[in-house]
Amino acid sequence: MKYEPVIGLEVHVQLNTKSKMFCSCSTEFGAEPNKNTCPICLGMPGVLPAINREAINLAIKTALATNCKIAPFNRFARKNYFYPDLPKGYQISQYELPLAKNGHIEIVTNGKIKRIGITRVHMEEDAGKLIHGENLRSHDSSYVDMNRAGVPLMEVVSEPDIHSPEEAKEYVTRLKSILRYIEVSDCNMEEGSLRCDANVSIRPVGSKGLGIKTEVKNMNSFRFLQKALEYEIKRQIDIVEEGGKIIQETRLFNPDKGITISMRGKEEAHDYRYFPEPDLVPTEIDSTWIEDIRATLPELPDAKRKRFVKEYGLPEYDAEVITISKSIANYFENCIKLYNKPKIISNWVMGEVLRTLKDEDFEIEKYPVTPQMLTGMFNLIDNGTISGKIAKTVFEEMYKTGKSPENIVKEKGLVQITDEAEIIKVIDEIIASNPKEVADYKGGKEKLLTFFVGQVMKISKGKANPQSVNNLLKERLKNNPSLTNP
Ligand code: ADP
Ligand code: MG
Ligand code: ZN
């Protein structure tokens, strides 16, 4: 029997506000423990929360960017549970009346565009953080830091439309890209601004129903998400193949071992005793508010991707890669302003630039090779100063030193050899020292031409003009052995 994985993701995003969800404490990351706290976020009795309007603005922005319908009326709810990082004994979240529902985003897998449904977008507050023994003086105590308690979170829940670990990674990549475009969150996975829980089940290929799911928590990188899903899918298939049954539960991913382990039996919604939050009024969102926010949306990645295909004639794939972040897309367009050959630019951006850009958020602002430098190098290729091969060397130098391509070419003596007499000298040397290959070539093994080209390029340290080398080699090999000067 063949099985198909079914995956739905719950992505928690820390919103980019200055202050917390229900009080005016700072949301700054990395502050001294418990510095950013007040009676409200510490959950003291008798205090009253007040909703942060900016957090709602950012959630509306997200709902619009993910094609959701915004509810005209939403309200917060208490989700009751006990944990030492939650002093109130409940989290203020949303339940039966979330901010927005029924959206979708597009992902590209195997060259095809696919829609992943968004079930809902809602707002809530974060909990504090427990710090356990090992990094502290005493091994048998735990500490609690409440700086994170009350930080605005948004939860984006997907439909179970995802059918492989790769698609899951692609979905989170695209969602993160959108959230960064609209600047609602920095989405820094290491600092926990973007966290992801994966719900997974399997079913026989062709069947439409949903199997029993498990929920995997604690994946703070794309790699872990993919690894955890691969493990979990295989684990479930193995159980079913052996005649066992999947139990609904919450599992934890252990990145060191690459496995998921059972954490607790899955709680049901009724376990939380949700009820409307009595300390907060419901929020009404009218069309004026929505339109004001819509007016602040930038061009979104999908629209940009489509425009790049239309306006610059880029292949779909190139447009998709280049629009992954606003700053790469801007870099590309800044290059276009200086040099009007989009495909050449996209080749280099997707190749050398992205290869050397060590930033998982694809931010290119501080990148040493500026659009001026990159396009300056293209001009040197076009006017014959350097070959395409030498350009790779020039690029490496620009990346390492930040010097202009013109200076690098001058300092390193990388100017291309176009003087035919000089190239012929090298060719004749090679012909003379490889009599067997010459004979074979003349005997019909024409593939040997690449061998000769390689030898010429080696001796000229890559500086000979490849087109001339090709032409001259053919000509000299034909005239051999009566090697004559031109
Ligand atoms: P819960 O109340 O247990 O959190 P929800 O119905 O709210 O469950 O769904 C949470 C997430 O799990 C959603 O992303 C949804 O798409 C996904 N999901 C629901 N059922 C399944 C299933 N059988 N297999 C995989 N994912 C599922
Ligand atoms: Mg859940
Ligand atoms: Zn506070």
Side-chain angles (χ1 to χ4, degrees), residues 3 5-14 29-30 33 83-86 107 109 126-136 139-145 147-148 151 153 155-158 160 162-177 179-180 185-202 213-239 246-267 324 357-363:
Y3 295 92
V6 177
I7 301 165
L9 297 177
E10 296 167 85
V11 175
H12 287 91
V13 186
Q14 220 172 71
F29 179 83
Y83 208 63
D85 63 11
L86 188 76
I107 65 169
T109 52
D126 211 342
K129 213 188 232 166
L130 294 181
I131 301 153
H132 300 293
E134 48 280 37
N135 356 354
L136 296 159
H139 283 251
D140 51 12
S141 43
S142 289
Y143 293 71
V144 60
D145 176 5
N147 282 347
R148 205 178 64 182
V151 164
L153 282 187
E155 182 170 344
V156 180
V157 181
S158 89
I162 298 163
H163 295 293
S164 69
E166 297 72 42
E167 277 188 18
K169 178 173 172 239
E170 180 62 19
Y171 168 78
V172 182
T173 304
R174 290 291 142 193
L175 182 61
K176 179 177 165 181
S177 166
L179 298 174
R180 288 183 59 88
S185 172
D186 63 21
C187 296
N188 186 327
M189 286 179 102
E190 265 166 46
E191 291 180 6
S193 326
L194 187 147
R195 313 196 282 267
C196 173
D197 300 338
N199 298 269
V200 200
S201 62
I202 54 164
K213 70 176 162 77
T214 59
E215 183 172 348
V216 187
K217 297 200 177 269
N218 193 32
M219 295 161 298
N220 60 354
S221 78
F222 286 105
R223 207 165 54 83
F224 290 168
L225 170 67
Q226 221 173 327
K227 282 237 150 19
L229 284 172
E230 278 160 15
Y231 178 86
E232 186 56 20
I233 291 162
K234 178 161 188 313
R235 189 189 69 87
Q236 292 191 10
I237 292 175
D238 287 349
I239 290 178
I246 310 296
I247 35 174
Q248 176 156 330
E249 61 184 352
T250 301
R251 300 179 67 86
L252 208 58
F253 179 62
N254 179 326
D256 297 330
K257 300 201 176 116
I259 61 172
T260 66
I261 39 182
S262 179
M263 181 164 116
R264 55 169 189 251
K266 169 71 192 169
E267 65 287 353
I324 187 72
L357 180 72
K358 294 185 181 73
D359 185 316
E360 69 169 63
D361 295 326
F362 302 106
E363 285 306 321

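Starting from 1, each residue takes its place in the sequence as its number. Here the structure is a predicted model, which means the values were calculated and not measured.
- One distance of note links CD1 of Ile239 with CD1 of Ile202; it measures 8.5 Å at 0.5 Å rounding.
- Residues Glu166 and Gln226 are in side-chain contact: their nearest non-hydrogen atoms beyond the backbone lie under 4.5 Å apart.
- Taking all atoms of both residues into account, the shortest heavy-atom contact from Ser185 to Ser193 is OG-O, 3.9 Å.
- A 4.5 Å side-chain heavy-atom check between Lys176 and Phe222 finds at least one atom pair inside the cut-off.
- Atom NZ of residue Lys169 and atom CD1 of residue Ile162 lie 14.0 Å apart, to the nearest 0.5 angstrom.
- Heavy atoms only, all atoms of each residue included: Leu9 and Cys196 are closest at CD2-SG, 4.0 Å.
- Judged by distance alone, with hydrogens and angles left aside, the side-chain atoms of Arg148 form a donor-acceptor pair with the main-chain N or O of Ala127 at under 3.5 Å.
- For the pair Val6 and Pro160, the minimum side-chain heavy-atom distance is below 4.5 Å.
- Here the side chains of Pro165 and Ile233 are in contact, with some heavy-atom distance below 4.5 Å.
- To the nearest 0.5 Å, atom CG of residue Asn220 and atom CD of residue Glu191 are 11.5 Å apart.
- The distance from atom CD of Gln236 to atom CD1 of Ile246, rounded to the nearest 0.5 Å, is 4.5 Å.
- Asp126 places a side-chain heavy atom less than 4.5 Å from the side chain of Gln14.
- Put simply, the side chain of Leu175 does not reach to within 4.5 Å of the side chain of Leu194, judged on heavy atoms.
- Residues Arg174 and Glu170 are paired through a salt bridge, judged by an N-O separation under 4.0 Å between the basic side chain and the carboxylate.
- In this structure the side chain of Glu10 reaches within 4.5 angstrom of the side chain of Glu215, judged on heavy atoms.
- The minimum heavy-atom distance linking Leu179 with Cys187 is given by the pair CB-SG, 3.7 Å.
- For the atom pair CD1 of Ile107 and CD of Glu167, the computed distance is 4.5 Å after rounding to the nearest 0.5 Å.
- The two residues Asn254 and Lys257 have their closest heavy-atom pair at OD1-N, 3.1 Å.
- A donor-acceptor pair shorter than 3.5 Å can be found between the side chains of Glu232 and Thr260.
- With hydrogens and angles disregarded, no donor-acceptor distance shorter than 3.5 Å links the side chain of Arg251 to the backbone of Lys217.
- Of all heavy-atom pairs between Phe253 and Met219, the closest is CB-CG, 4.1 Å.
- Distance CD1/Ile324 to OG1/Thr173: 6.0 Å, rounded to 0.5 Å.
- Taking all atoms of both residues into account, the shortest heavy-atom contact from Pro33 to Asp145 is CA-OD1, 3.5 Å.
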